[in-house]
Every structure is written in structure tokens, then in C-alpha cells.
Protein chains: 4
Amino acid sequence: MRRQQLIDATLSSVAELGLKATTINSISKRANLSSGIISHYFGCKNGLIEASVRYLLSSLKTELLSSVEDSASSQQRLMLIVEANFSVVQKNAHVTKTWLSFWAESMHDEQLHRLQSVNAKRLYTNLLYSFKALMPKQKAIQAANYSAAMIDGLWLRAVLSKADEFEFSKAEELAKQYVNSLLPSH
Amino acid sequence: MRRQQLIDATLSSVAELGLKATTINSISKRANLSSGIISHYFGCKNGLIEASVRYLLSSLKTELLSSVEDSASSQQRLMLIVEANFSVVQKNAHVTKTWLSFWAESMHDEQLHRLQSVNAKRLYTNLLYSFKALMPKQKAIQAANYSAAMIDGLWLRAVLSKADEFEFSKAEELAKQYVNSLLPSH
Amino acid sequence: MRRQQLIDATLSSVAELGLKATTINSISKRANLSSGIISHYFGCKNGLIEASVRYLLSSLKTELLSSVEDSASSQQRLMLIVEANFSVVQKNAHVTKTWLSFWAESMHDEQLHRLQSVNAKRLYTNLLYSFKALMPKQKAIQAANYSAAMIDGLWLRAVLSKADEFEFSKAEELAKQYVNSLLPSH
Amino acid sequence: MRRQQLIDATLSSVAELGLKATTINSISKRANLSSGIISHYFGCKNGLIEASVRYLLSSLKTELLSSVEDSASSQQRLMLIVEANFSVVQKNAHVTKTWLSFWAESMHDEQLHRLQSVNAKRLYTNLLYSFKALMPKQKAIQAANYSAAMIDGLWLRAVLSKADEFEFSKAEELAKQYVNSLLPSH
DNA sequence: TATGAATGAGCCTTCATTCAT
DNA sequence: TATGAATGAAGGCTCATTCAT
């Protein structure tokens, strides 16, 4: 309970202030807890940061798993993957900014980089799995690569332009159309 | 002269240590200069950071302008635009990481955000200009949007995976193929 | 407790080194505390300086209140006022110098100036109150003005000449004689 | 010429910013000269500060000498002494604040203290000389002491209250009346 | 468990001084 | 003479971490 309270406060602080300006204090105040509690539960500040990223990753995973039903078609799956990658935003608008902060930091933090790596590969793997059901392997690999890049690219440009919710859903729509355009039925 | 020396040192430090860990000291030591010199030339640390981003932006612009000849066809122009967006990297491998640091920080720094905004719009505008010569306006707008996202997406995934030079040129190649696939001749 | 410890250290440092040469370090070392503690309790260095002045002012006030009894005659009150203005010194020889530092700085610090203003007016008001019991209002106003100036002038000259305790009590004696000379009974 | 230019700039800076905030730069900019010039002419910053105080002292002396004529009566002399001590102000309103800064600093700077000492004694000596012509020595000594304190006290309270020109001349008038009240003719 | 007082290293900035030109 | 680029020590402040309660 306390752990989740602190993770939420961390995400909120990173979203609002940025990773650089997020301090033990900015976090503990948002959680209405003392500063000492953080090292008590997470060892150190970095431990909390890492746990927060893990939480975001597992949310994304849960999001996807819960929405995809066994009966879903491959095309439906693809749409749900796109949705999941954009939906984190729609639920909690400011969480988006945190991703970028974390990924930038991951370039200089081995632990974070590992998590980022898992995330990047998962998007690719999920896409590949569905594409393979619809086309030859070589084509599917290319489709997965392009789709992953397009999803991340649209997302990145939306974030950096400080897009509002409406613009975000437009970016999501574009991503879906692109993925659809790769399908043989198209 | 000193100014450029300091900007180079800044880019090198941000690339190696990240923006968060880049300090007045990490910069001035790389430049073999004293710490005080920074405020002498740039007012404060942030002034130097900003100047460094401006330098990267103008390099990108110069890169493009110098490569595009008047006689170039629109298709050639498109390829050159893609190349320019990836080439900054190839010349100076560590510069890539700095972009990401700067863009992440731009979410919480108005000044940087303005610069990032200019950069994002320029890519789009350049692409649109060339696409419009090859297809109807509405189609060109969509092509420019998709291309910009694809370029940024491929670039982002390459950076985050700590891609080496070879993988970067593969990403560049994918980007070119994608842009080409949008052309009517295709 | 810590607060008082730091205020005492501040007064001691300002007395010995002057306001200009008083640093976070000179204070915290005298208090046998770390430097960070100052911002913990007072926000910043200036907050501590201000609190120190407030402490001096309230000491002066307490000094006077505790010595003046209800039964005291107006003449006795006047003598006690003079004594209070000189006595802060006698108890704590080095405090004297700090006053001058603070007042000089008050010319360029709005906060300090407000405190100084309160102090200057209090001396005048206290004197006026007692004089009015002994003479017509117009005369009392003049007596209060002159007395306040004489007290401050004798005090200033004693401080600036780095007077010892004996010379200080001589100055106090002169001040008392002057005030007495203004009384009608004289 | 350059020397005087720098001294004027120093007085102006100390008046406006205070001694603490007066820097080599704040001075040299006001003088429209380079920062290096100061050590060239005065050795170091402190040399310039000291020279500036000396200049003020000699101005005060000159002021008095030029106004007192041999034919003047002792009473007239006394009035001129009072006037001289207040007149520095009237000519250059902001110079007043500088005195206080310098005197406060003199508590922790041997060199400045010596100059302050000269100044304090000169006022006393000048007053004593004139009083002795008008009364017995013992009485004259007391009158000089009281007068010096009254002049300084009225001046101090006027400065600290940030008095305007009008209030300053009222203080001067009070000082004159006080001195006159000590004369036997009174 | 939970607090927050206390620490001290590290940051950015300021500034008197030096020195090549 | 005169400049101002360059230095680097010192200042105030921030903040992750520790620890007694």
C-alpha cells in the first residue's frame, strides 16, 4: 500500500517536474509521507525510480493482456496493441512525459536500460506474433519493425509537441491506419 | 573559439554522462578550461546548454542545405532529408544520445521546448515541400506526417537500443525505403 | 533549541567578523553544527540573519519590560529606558558591534529596514510616553527627539571608538544626565 | 583624473548597492572603465575603498576650512561645524548612506577604523576649540562631547529613517539649536 | 514501522585578481 | 596605460542518505 502510494507520487512528480527536478522531498510530500520512508521501502531513491518504471511496464502488459481475448483475430490483436501503447496516456495524461524522462535516463543507467530494452522488444514481439499469422515470416518481420517504429515515432512527436488528449487520439488513429495498410487484405 | 570549445565539451559530456550528470566541472574539464569561463561566455550553465542545442540544430540545417542542390529532384531531396537526420550521428557517434537528453528536458524547460518545436516542424516542412511536388496536397500532408514519424521512430529505437553505426545505417535505409514506398512511382 | 544555538552563533560571528565576512560556515562552525542545518531551520542565510535581529529586538524589549515596574515614576522610567539601550551591551559585550552591522545593512535590505524602523520608533515612543507625564506635549515631543538622538549618538560614538565596558557606562551616565537635564525639576 | 573617476563611481555604487554588494564590476561599469584599471591605480579593491573614504574625509575638511573665515565669531564657527557635518548630504544626497557602510565596516577593518577615528576626533576637537573660547575648559569639554554626540545621533537617525532632504535640514536645525542652547548667552 | 532532524558532499554562481596583449 | 579574458577559491544552497527516537 505504502509502496504504491510512493510509486504514484513518483510518477506524478516526474511528470510535473521532470526526472532531474524530482527529489526525495517532491515525492514524499506528494505522498503525504516522510522522506525517510523511501529508503525504508526502496533502499534508495534510485530503487524507487526503478520500481516506478517497472510498475509502468507491468501496467502496459496488464493493459494488453486484459484486453486481448483468445477469440480475437490477429487484426484485432494488432489494433489492441496500438491502443495499449497509447492508452496509458489517455487514462493518466501526465504519465506520458515520464516515459520520455525514463528512456532518456536509460541511456546512462544500466538498470533502466534493461527495462527499456524489455519494453522495446515486447512491442516488436507482440506485433510480430500477430503479423506472422497473416503473412510470410520475412514480410511479418519487416511489418513489425516498421509498425513499432511508426507507433513510437507518432507517440514521440505527440509527446514532444505537448499534444492534448484529442491530438493523442489522432496519433493513435494514424498508427492504426498504418498498421492496417500493411495487412494483405488491404 | 572558446565558445565552440565549450559547446563541444558540453555535447561530449552530455553524451557520455547524460544531461543530469553533466556539471559545470564535467564540461570545463573536458574543455581544459576553468569553471568560471562558462558564465563569462554564456552567463550561466543553462545558457551553455541552450547554445549547444542551437549549435546542433544549425548543424543539422547546414548539413541539409549544403547537400541539397538546386538541380536535385524531389525524390532526391527526400532521400537527403532522411540522410541529414541520421547523418549527424554517423559523423559524431556520441552526439545522438545528447538529442534525446535535450528533448526529454524540453518537456520541462520552455526555452528548450521552443527549440525542439522548431526542429520538429522543420522536418515536417521539408518533407511536405518535396512531397507536394510529387502528389496532391492532401496526400502530401499525410505522407509528410507519416514520414516524419517513421524517421523519428526508427531513430528513437536505434538510439534507445544503443545501436552501433551499422545498425544506424540499416535504420536509415529502412527510412529511405519507407519514404520511397509513398511515392506515386512506386 | 537548535534555533537559539544558531542565532547565538550568528551574533557571535557578526560581532567578530562583521556581517560581510559572516558565512554559513562561520556560523555553523561556531554552533558545532553542519552547514545544511541553517536552511533546514531558517530557509536560507538571510532568514537566519533576520531571525537574529528579531531576537536582539525582542531582548531589548524584554529587558525594558522586566525592569520597569508599575510603581515606577516617570523619571525612573526614563532612566530605565536609557539603561536598557546600553545594557544589551554590558551583558554581552560583542553584541554591540552587531547592531551597527545590521543597521548599515538595513539601508539596502527592506526586511532589515523595517525592523530597524520599529526599533527607532520604539525608543522615541517610550521616551515620549514618560516625558508627557512630566511636561506639556510640545515640550515632551522635543525632549523625546533630543533624548533619542543623544542616546543613539553617545552609543554610536562609543561603539565606533571600540569603547570598553567602563567607557560605555560613562556614556550611559552622560545620557542619563542629559535626560535629567530636560526635566522641569531640574 | 582616472582616480577621481573611480572614486566617484565607488561612492555611487556603495550608496546605491551597499558596501557588501559593491564589486569591482559595479564600480568599473559606473566609471565606464575596465575592471583591470582598478588594481592598476589602487592595487586592489580595498585600496580603492580606502581612497574613497579618504576622499570623503578630505571633502569634509575642505568644506569646513573654506567656510570658516578668520573673522568668524566662535558661535558662528560652531554653526558652520554643524552645517559642514550635514552638508555633505545636501550636495550629494546618496553619499550619506556610504558613511554608514564605511563606519560599520570600520569595526572589522583596521585601516578604515583609523580613518573613522580621525573623523570622530576632528569633530570633537573642532567643537572643543570654539567652546573653549566661550566658557571654562571643563564646561567646554562637556559641551563638545554632548554636541558631538547630538550631531552624530541626529544624523544617524535621519540616515536610518531614509530621511529626505527636508527632514535632513530639520535635523540640522535641531542640532544648531542644541549647540546654541549650550552657550552662556543662552 | 515511521519520522524528520542532521549531515556533508556537490552543485552553480560570484568575484577579486592576474596577465597577455 | 588600459583592456578584458581567464582563473579558481569561496560562497550559498540543494539534496540523498543516515539514524536516534
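Chain naming here is simple, since letters A, B, ... match the order of the sequence lines and numbering starts at 1 in each. Computed from a prediction, not measured in an experiment: that's the story for all the values here.
- For the pair B:S35 and C:C44, nearest-nucleotide mapping onto DNA chain F gives the more 5' position to B:S35.
- Residues D:L115 and D:L57 share a closest heavy-atom pair of O-CD1, 3.6 Å.
- Remark: A:K45 NZ is packed, more than 12 non-hydrogen atoms of other residues, nucleotides or ligands lying under 6.0 Å away.
- Between C:M107 and D:K162 there is a side-chain heavy-atom pair separated by less than 4.5 Å.
- Here F:dT7 presents its P atom at 13 Å from CD1 of B:I24, a figure rounded to the nearest Å.
- A:N25 has its CG atom 12 Å from the C1' atom of E:dA5, to the nearest Å.
- The CG atom of A:L6 sits 15 Å away from the C1' atom of F:dA16 (whole-angstrom rounding).
- Atom NZ in D:K45 sits about 8 Å away from atom P in E:dC15, given to the nearest Å.
- Proximity of D:R2 to the phosphate of F:dT1: no side-chain N or O atom is located under 4.0 Å from OP1 or OP2.
- At whole-Å resolution of the value, CG in D:L19 and C1' in E:dC15 are 15 Å apart.
- Distance from the side chain of B:T23 is smallest to E:dC12 among E:dC12, F:dG4, F:dC13.
- Atom CG of C:L48 and atom CD1 of C:I27 lie 5.0 Å apart (nearest 0.5 Å).
- Closest contact between the side chain of B:S34 and the listed nucleotides F:dT18, E:dA2, F:dT7 involves F:dT7.
- Side chain of A:S12 to main chain of A:D8: no donor-acceptor pair is present (N/O by atom type, distance under 3.5 Å, no hydrogens or angles).
- For C:Y41, taking side-chain heavy atoms from C-beta onward, the closest of the listed nucleotides E:dA5, F:dA2, E:dA16 is E:dA5.
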Intra- and inter-strand pairing of DNA chain F, written as dot-bracket with Watson-Crick and G-U pairs under 3.5 Å and | for the latter, reads .||||||||||||||||||||
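- Taking atom CZ of C:F42 as the reference point, atom P of F:dT14 lies 16 Å away to the nearest angstrom.
- In this structure, the side chains of C:I49 and C:F42 stay at 4.5 Å or more apart for every pair of heavy atoms.
- If you measure from atom NE2 of C:H40 to atom P of E:dG8, you get 15 Å, rounded to the nearest angstrom.
- For the residue pair C:S35 / C:S28, no side-chain donor-acceptor distance below 3.5 Å is found, with atom types taken as modelled.
- Among the atoms of the strands shown, only primed sugar atoms or phosphate atoms (P, OP1, OP2) are found under 4.0 Å from some heavy atom of C:L33.
- Comparing E:dA6, E:dA2, F:dA2 by their closest approach to the side chain of D:I37 singles out F:dA2.
- For A:K20 and A:G43, each mapped to the nucleotide of DNA chain F holding its nearest heavy atom, the one lying further toward the 5' end belongs to A:K20.
- In this structure, the CD1 atom of A:I38 is 13 Å from the P atom of F:dT18, given to the nearest Å.
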